[in-house]
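Inspection log for the structure reproduced underneath, given as structure tokens.
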Amino acid sequence: MTVALGILCVILLLAVVSLAIVVRRQQGDLASQAEHVEQLESDLAAALRPPPAQNPTERAISRVIRTATKVREQGITGVIQSTIEDLTAWASEEQPEIVHMAAPDGTVTIFFSDIENSTQLNARMGDKTWVRVLEAHDQVLRSRIAQYRGQVVKTAGDGFMVAFRDAEAACRAAIGIQSDLRRPSDLLRRHGKVRVRIGIHTGQVVAKDGDYFGENVALAARVADLASGGEVLCSDAVRESLDADAQVGLVDPTDPIELKGLPGQYVVWRVVPPA
């Protein structure tokens, strides 16, 4: 009986040792397979990862994204809500090296926008909600800007400065933005209307260090300052740049008016969808 128990114990011991060896071998195989899978995932990620920016356009997009991310991460309490006037002078060490957007005649159409009464909205909603609302607002603008091949020059708070190669594209992008905001997302609808004012002007500008400067940039900002929330205004220069069959309407021209800090008088039009 004792001998039989001894033999059984030896058999069980051998079985346990064999099982341990098998388990260790399987663990090694699993570790090897996991390492292989990790390497495949790494290779796939590398294959799908966009290559480093090689030209001004790619660098522009990369830097705009990084700058926007910084603004969002810092929170509204750490960011000064710039007016459109401030946006014309705003600068950053990471300004995008934007592609030259000039039309064949050397002109660029500049588009400025911001949210009406943004400071009051921020105070009412609180910073966390306001950041989410800004993100929803930005998504609407960037989608339409991309659709009409605009280039975001810079952003500051809720303000956008955008360049377009032609006036009609800028006007149609602006009309599309206002249409989208009249049918807001659930987030925007839940927290109240966001009313954006937009101003557009066409003219020759000075391009330097990834930005646009000059009197015509200031003029575009002044036109935007005149707009009310939900409204798109443009200068007479935009009207002159539009083709006869342009898919936009211009109505309600003002009498010649003066614009702060600029010489001369200007006629401003309201941009609406085509009749």
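The structure displayed is predicted, hence computed values, not measured ones.
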Find out whether [X] and [Y] are in side-chain contact, i.e. whether some heavy atom of one side chain is under 4.5 Å from a heavy atom of the other.
X      : Y      : answer
Val194 : Val133 : yes
Leu181 : Val140 : yes
Ser235 : Ile200 : no
Met161 : Thr155 : no
Val217 : Phe112 : yes
Ile115 : Leu134 : yes
Ile198 : Val271 : no
Val108 : Asn216 : no

For the side chain of [X] and the backbone of [Y], is there at least one donor-acceptor N/O pair under 3.5 Å apart?
X      : Y      : answer
Glu231 : Ser228 : yes
Asp166 : Ala169 : yes
Ser241 : Ala237 : yes

Within this structure, what is the [atom1]-[atom2] distance for the pair [X] and [Y], rounded to the nearest 0.5 Å?
X      : Y      : atom1 : atom2 : value
Trp130 : Thr119 : CH2   : OG1   : 8.0 Å
Arg142 : Glu135 : CZ    : CD    : 11.5 Å
Ile177 : Ser113 : CD1   : OG    : 6.5 Å
Ile257 : Arg222 : CD1   : CZ    : 12.0 Å
Thr107 : His201 : OG1   : NE2   : 9.5 Å
Gln178 : Arg195 : CD    : CZ    : 8.5 Å

Partners meeting side chain to side chain contact (heavy atoms under 4.5 Å, CB included) with Arg172 (sequence neighbours left out): Tyr148, Glu168, Gln247, Val248

Side-chain heavy atoms under 4.5 angstrom apart, residues restricted to Ile, Leu, Val, Met, Phe, Trp, Tyr: same cluster for [X] and [Y]?
X      : Y      : value
Val223 : Val153 : no
Leu141 : Phe164 : yes
Leu226 : Ile175 : no
Val238 : Ile145 : yes
Leu219 : Phe111 : no

Here the pair of heavy atoms bringing Cys234 nearest to Leu250 is SG-CD2, 3.7 Å

Let me see the working for His137 and Asp158 under side chain to side chain donor-acceptor pair (under 3.5 Å), right down to the final yes or no. CA-CA 8 Å; His137 156 270; Asp158 60 294; over 6 Å; no

Counting neighbours of CD on Gln147 that are heavy atoms of other residues, nucleotides or ligands and sit closer than 6.0 Å, is the number greater than 12? yes

Would you check, one step at a time, whether the test salt bridge (charged side-chain N to carboxylate O under 4.0 Å, His left out) holds for Arg197 with Asp225? CA-CA 8 Å; Arg197 55 188 190 139; Asp225 281 334; 3.7 Å; yes

So, Thr202 and Thr109: side-chain donor and acceptor under 3.5 Å apart, yes or no? yes

Please tabulate, for the side chains in residues 262-270, all donor-acceptor contacts under 3.5 angstrom to protein atoms that are two or more places apart in sequence or on a different chain.
| from | atom 1 | to | atom 2 | distance (Å) |
| --- | --- | --- | --- | --- |
| Tyr266 | OH | Pro263 | O | 2.6 |
| Trp269 | NE1 | Asp236 | OD1 | 2.7 |
| Arg270 | NE | Asp252 | OD2 | 3.1 |
| Arg270 | NH2 | Asp252 | OD2 | 2.6 |

